[in-house]
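Note: hydrogens, waters and symmetry copies are ignored here, and every other heavy atom, side chains too, is used. For ligands, and for the atoms within them, numbers begin at 1 and follow the listed sequence.
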Amino acid sequence: MATTTKRSIKKSSEPASGQGTVRPLLTGSAIQKKIRELGQQIRADFPQEPLLLVGVLKGAVLFLADLARQIPGEVTFDFIAVSSYGKDTKSSGQVKLNKDLDSSIEGKVVIVVEDILDTGLTLQYLLRVLQQRKPKSLKVAVLLDKKERRIADVRADYTGFVIPDEFVVGYGLDYAERYRNLPDVGILTLPGGSH
Ligand code: IMP
Ligand code: MG
């Protein structure tokens, strides 16, 4: 049965399908090329060691899956979930641990794998939590870095791309859980022009 609800009435955080426009920023093949370099760089820094990749759910899932395949030798992974953005595009400035790791990281070489470094508040919180657990080494790999937006004094050891201060989606990154499946990264513009 056809619905009588007007299509134009939508909460701004939930654009109807096709309403937001995504302008290309990074192609899937440019991303893959960069990830191959990052994988080699990471293995060169730790030639013999087993590496534990800690993916930050959910945005980093695609990046971790591709990065893991570009690091030769022993690699395992685990996942952690935090929330900072909720369904909006502005950071709440607060970080909460929603899902912890399955296993201990004590004595391990740990690489936190994150989709994007924005204000840095999420990563600052995560690094504090993980450092307390006495890893042998704690490094950070991010696909994207919005340098201009930094509030917390944190930096990544491995960075894919430094990007301008725009809200981006695709390749794992979402807006209200949408667009994660896009193979490219693009700049999202919503009707009304807030982004
Ligand atoms: P931070 O705590 O401000 O550094 O924010 C990090 C988190 O905010 C990331 O893990 C993303 O989930 C989210 N985020 C920041 N910027 C963007 C963006 O442009 N698109 C999608 N998510 C973003
Ligand atoms: Mg997100």
request  = Check each of Tyr125, Phe167, Tyr175 against atom 21 (C) of ligand 1 and report the one with the nearest heavy atom.
outcome  = Phe167
query = Is a salt bridge present between Arg150 and Asp145, judged by a nitrogen-to-oxygen distance below 4.0 Å?
reply = yes
ask   = What heavy-atom pair brings Phe161 and Ala30 nearest, and what distance separates the two atoms?
value = CZ-O, 3.6 Å
query = Taking atom NZ of Lys33 as the centre, does the number of heavy atoms from other residues, nucleotides or ligands within less than 6.0 Å exceed 12?
reply = no
task = Looking only at non-hydrogen atoms, find the nearest pair between Leu101 and Phe79 and report the distance.
result = CD2-O, 3.5 Å
request  = Pull out every atom of ligand 1 sitting under 4.0 Å from any heavy atom of Thr119, numbered as shown with elements.
outcome  = 1 (P), 2 (O), 3 (O), 4 (O)
ask   = Hey, does the side chain of Arg133 reach the backbone of Ile105 with a donor-acceptor pair shorter than 3.5 angstrom?
value = no
Residue-ligand contact Gly59/ligand 1, heavy atom below 4.0 Å = no
task = Could you tell me which atoms of ligand 1, counted from 1 in the order shown, lie closer than 4.0 angstrom to a heavy atom of Asp115?
result = 9 (C), 10 (O), 11 (C), 12 (O)
inquiry  = Tell me whether ligand 1 is touched by Gln124 - counting only heavy atoms on the residue side and a distance under 4.0 Å.
reply    = no
inquiry  = Heavy-atom contact check, 4.0 Å cutoff: does Leu123 meet ligand 1?
reply    = no
query = Mind checking whether Asp174 has a heavy atom under 4.0 Å from ligand 1?
reply = yes
ask   = Atoms of ligand 1 less than 4.0 Å from Lys146 heavy atoms?
value = 16 (N), 17 (C), 18 (C), 19 (O)
message = Does any N or O of ligand 1 fall below 3.5 Å from an N or O anywhere on Val168, backbone included?
response = yes
task = Would you tell me which option among Val56, Val169, Ile116 has the nearest heavy-atom contact to atom 23 (C) of ligand 1?
result = Ile116
request  = List the steps, then state whether side-chain contact (heavy atoms from CB on, under 4.5 Å) holds for Lys34 with Ile31.
outcome  = CA-CA 5 Å; Lys34 183 64 75 175; Ile31 293 169; 5.9 Å; no
query = Which residue from Val142, Thr122, Leu173, Val82 reaches closest to atom 2 (O) of ligand 1 through any of its heavy atoms?
reply = Thr122
query = Considering only heavy atoms of Glu114, which atoms of ligand 1 have at least one such atom less than 4.0 Å away?
reply = 10 (O)
remark   = Output for pair (Ile35 CD1, Asp66 CG), nearest 0.5 Å, gives 5.0 Å
inquiry  = Just to check, does Glu166 reach to within less than 4.0 Å of ligand 1 when the distance is taken from its heavy atoms?
reply    = yes
message = Can you confirm whether more than 12 heavy atoms, excluding those of Asp165, are under 6.0 Å from its CG atom?
response = yes
ask   = Quick one: do Val95 and Leu97 end up in the same hydrophobic cluster if we chain Ile, Leu, Val, Met, Phe, Trp and Tyr together by side-chain heavy atoms under 4.5 Å apart?
value = yes
